[in-house]
Amino acid sequence: MNASMTQDIARDGKKANLVCLSNASGFSIVLMDIGASWLSCRVPLSGEKREVLLGIATLKDFYKQTSYLGATVGRYANRIANGCFNLDGKTYQLQVNQAGNCLHGGIEGFDKRRWTITARDAYSVSFTLQSPDGDQGFPGNVVVTVRYVLTNDNHVIVDYLAHTDAATPINLTNHAYFNLLGADAGKTCLSHHLEVKSDGYLPIDENGIPLGQLALVDNTGFDFRTPKAINSHFMLDKQQQIVNGYDHSFWLQATRLDTDYAISVTSPDEAITMKIFTTKPAVQFYSGNWLGGTPNRDGGRYENYAGMAFEPQFLPDSPNHPEWEQESCILRPNQRYKHRTCYQFEIHNAYTH
């Protein structure tokens with residue numbers, strides 16, 4: 001991967017820098033400074049190392065794809081309606097890049113930037129980015145650091161830190177797509193068994209903009225409180241039909257990083273379970289509804305539903321909904337933005353082929 005990803009020149013005229021982290025059991029991840037991106041996640045099973053992260057093989061394809069594969073997205077992950085919000089009596093207009101809305105930070109979000117590697121050791125790497133006042137329309141000079149850590153018990157920990165010199169919305173997440181059967185095996189993610197510890201989800205319109213208030217998952221296809229196959233109630237709700245599957249935020253009010261996981265997903269062959277812990281109040285579950293045509297590692301294209309993304313974050317369009325009962329998404333100069341997501345991989349070597 002290091003050879004293929006560095007054969008092309010990045011938009012700033014330099015090559016990409018890749019970092020590979022491996023632990024004692026042979027579990028490995030690859031990170032890249034462009035987009036502070038998570039490019040690869042290889043899980044050691046009996047007789048194989050299974051790549052479970054959707055990805056690309058060249059920098060040319062990285063720029064070509066529009067699915068945010070493995071990238072750090074910001075300043076504001078998800079959507080801000082009409083790219084517009086009011087803060088402290090002033091209205092801000094952001095760059096819009098999706099149906100008249102601001103998605104994942106705008107036209108040139110954090111996913112497209114070269115980050116600086118500011119720290120590195122055998123099990124971790126830190127990427128830092130300076131975002132100037134007015135970047136994509138957002139106020140304030142912001143400094144962001146994302147630190148990836150790989151532990152010997154197969155935990156991938158992602159720490160997000162930021163500070164600003166003026167009040168601004170901040171909502172950082174990683175846009176990794178997972179397929180625990182194998183990212184390039186040609187199987188969809190829909191047969192995975194998923195558990196989401198959430199009583200409520202956020203209904204949206206056809207462009208992903210929240211309709212207002214949270215809705216209970218009871219008696220809907222959004223009820224994953226008991227593990228079930230993703231496709232067991234797939235496309236049965238109108239809310240799924242308007243966006244071609246799941247692309248919704250689930251409210252995690254009862255979940256705490258230090259005590260419980262928010263998400264658990266198991267491969268259909270029962271070889272791998274991934275549990276996600278997060279300090280964020282919500283997680284966007286996206287079933288890869290529009291992945292079709294995205295370049296893959298083999299020179300081909302992914303199909304729709306080839307992978308699933310779990311994006312811990314504040315609820316979408318939060319700057320326009322101060323009434324929602326969550327930590328404010330507004331970062332002020334006297335505050336520090338500090339959040340963590342942990343991906344815990346459990347390997348079951350006695351799995352059925």
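Numbering starts at 1 and runs along the sequence shown.
The ring-ring contact (aromatic ring centres under 6.0 Å, His included) contacts involving residues 30-84 comprise Trp38-Phe178, Trp38-Tyr343, Tyr68-His104, Tyr68-His175, where partners must be two or more places apart or lie in separate chains. Among residue pairs with one or both ends in residues 10-35, those qualifying as ring-ring contact (aromatic ring centres under 6.0 Å, His included) are Phe27-Phe345; sequence neighbours excluded.
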| task | For the pair Lys280 and Thr173, evaluate side-chain contact (heavy atoms from CB on, under 4.5 Å) and give the outcome as yes or no after the intermediate values. | result | CA-CA 9 Å; Lys280 277 292 178 68; Thr173 196; 5.7 Å; no

| What's the verdict on side-chain contact (heavy atoms from CB on, under 4.5 Å) for Tyr302 and Asp184, showing C-alpha distance, side-chain angles and the deciding distance? | CA-CA 8 Å; Tyr302 287 117; Asp184 305 302; 2.9 Å; yes

| request: Apply side-chain contact (heavy atoms from CB on, under 4.5 Å) to the pair His248 and Val243, showing each step before the final yes or no. | output: CA-CA 9 Å; His248 297 76; Val243 292; 3.7 Å; yes

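Proximity of a side-chain donor or acceptor of Gln284 to a complementary backbone N or O of Ser249 within less than 3.5 Å is detected. Side chain of Gln95 to backbone of Cys102: no donor-acceptor contact under 3.5 angstrom is found. Listed for the Glu311 side chain is no donor-acceptor partner under 3.5 Å among the backbone atoms of Ala282. The backbone N or O of Lys14 sits less than 3.5 Å from a side-chain atom of Asp12, completing a donor-acceptor pair. Gln241 places a side-chain N or O within 3.5 Å of a backbone atom of Met235 that can act as its donor or acceptor partner. With Asn179 contributing its side chain and Gly307 its backbone, the two residues share no donor-acceptor pair below 3.5 Å. Within the 3.5 Å criterion, the main-chain N or O of Ile272 finds no donor-acceptor partner in the side chain of Arg50. In this structure, Asn23 contributes its side chain and Gly26 its backbone to a donor-acceptor pair below 3.5 Å. Counting only distance, with no hydrogens or angles, the side chain of Asn320 and the backbone of Cys84 share a donor-acceptor pair below 3.5 Å. Checked by atom type and distance alone, the side chain of Arg11 never pairs as donor or acceptor with a backbone atom of Arg114 at under 3.5 Å.
Under the 4.5 Å side-chain heavy-atom criterion for ILVMFWY residues, no single connected hydrophobic cluster contains both Leu216 and Ile204. Neither Leu39 nor Val149 shares a network with the other; the hydrophobic side chains, linked directly or stepwise wherever heavy atoms of I, L, V, M, F, W or Y lie under 4.5 Å apart, form separate groups for each. Under a hydrophobic clustering in which Ile, Leu, Val, Met, Phe, Trp and Tyr are joined whenever their side-chain heavy atoms come within less than 4.5 Å, directly or via other members, Val156 and Val283 fall into the same cluster. Under the 4.5 Å side-chain heavy-atom criterion for ILVMFWY residues, no single connected hydrophobic cluster contains both Val265 and Leu181. Hydrophobic clustering keeps Ile107 apart from Leu103 (ILVMFWY residues linked when any side-chain heavy atoms are closer than 4.5 Å, directly or through intermediates).
To the nearest 0.5 Å, atoms NE2 (His163) and OG1 (Thr145) are separated by 7.0 Å. Atom CG of Leu315 and atom CG of Leu252 lie 9.0 Å apart (nearest 0.5 Å). Atom CG of Leu291 sits about 5.0 Å away from atom OG of Ser67, to the nearest 0.5 Å. In this structure, Gln65 CD and Leu54 CG are separated by 10.0 Å, a value rounded to the nearest 0.5 Å. Here CD of Gln326 is found 4.0 Å from OG of Ser318. Values are rounded to the nearest 0.5 Å. Once rounded to the nearest 0.5 Å, the distance linking OG1 of Thr266 with NZ of Lys275 reads 8.0 Å.
Ile170 has its side chain within reach of Arg75: a pair of non-hydrogen atoms, C-beta onward, lies under 4.5 Å apart. Side-chain atoms of Asn174 and Thr341, non-hydrogen and from C-beta on, never get closer than 4.5 Å to each other. Between Tyr337 and Tyr160 the shortest side-chain heavy-atom distance falls below 4.5 Å. Between Leu172 and Phe110 the shortest side-chain heavy-atom distance falls below 4.5 Å. Side-chain contact between Ser126 and Arg120: absent, with no pair of heavy atoms (C-beta onward) separated by less than 4.5 Å. Counting only heavy atoms from C-beta outward, the side chains of Trp324 and Gln213 approach each other to under 4.5 Å. Side-chain contact check for Leu202 versus His321: every heavy-atom pair is 4.5 Å or farther apart.
Side-chain contact of Asn154 with Ser25: a donor-acceptor pair under 3.5 Å is present, judged by distance alone. A donor atom on one side chain and an acceptor atom on the other are found under 3.5 Å apart for Tyr305 and Asn244. No side-chain N or O of Thr220 forms a donor-acceptor pair with one of Asp223 less than 3.5 Å apart. Counting only N and O atoms by type, the side chains of Asp237 and Tyr201 include no donor and acceptor under 3.5 Å apart. No donor-acceptor contact under 3.5 angstrom links the side chains of Ser4 and Thr58, judged on distance only.
One finds a salt bridge joining Asp218 and Arg225 here, because a Lys/Arg side-chain nitrogen approaches an Asp/Glu carboxylate oxygen to under 4.0 Å. Comment: Asp269 does not engage Lys187 in a salt bridge, judged by the lack of any side-chain N to carboxylate O separation of less than 4.0 angstrom. Salt bridge present: Asp159 and Arg340 bring a charged side-chain N and a carboxylate O closer than 4.0 Å.
Around atom CG of Asn334, more than 12 heavy atoms belonging to other residues, nucleotides or ligands sit under 6.0 Å away. A 6.0 Å sphere centred on CD of Glu323 holds more than 12 heavy atoms belonging to other residues, nucleotides or ligands. The neighbour count for Gln130 CD, taken as heavy atoms of other residues, nucleotides or ligands under 6.0 Å away, does not exceed 12. Counting heavy-atom neighbours within 6.0 Å of Lys64 NZ, excluding the residue itself, gives a total above 12. Around atom CD of Gln98, more than 12 heavy atoms belonging to other residues, nucleotides or ligands sit under 6.0 Å away.
Each of His192, Glu346, His193, His348 was scored for a side-chain hydrogen bond (donor to acceptor under 3.5 Å, both in side chains) with Thr273, with one residue passing: His348.
Here the closest heavy-atom approach between residue Trp251 and residue Pro281 is recorded as CE3-O, 3.3 Å. For Ala229 against Ser191, the heavy-atom pair with the smallest separation is CB-O, 4.3 Å. Closest approach of Ala162 to Leu331, counting heavy atoms only: O-CD2, 3.8 Å. Of all heavy-atom pairs spanning Gln313 and Ala77, the tightest one is OE1-O, 4.3 Å. Nearest heavy atom pair, residue Asn289 against residue Tyr246, reads ND2-O, 3.3 Å. The two residues Ala167 and Ile330 make their nearest non-hydrogen contact at CB-CG2, 4.1 Å.
Both tests pass for Lys228 against the ring of Phe224: distance under 6.0 Å to the centre and angle within 45° of the axis.
Taking the six-membered ring for Trp and the full ring otherwise, the centers of Phe314 and His339 sit less than 6.0 Å from each other.
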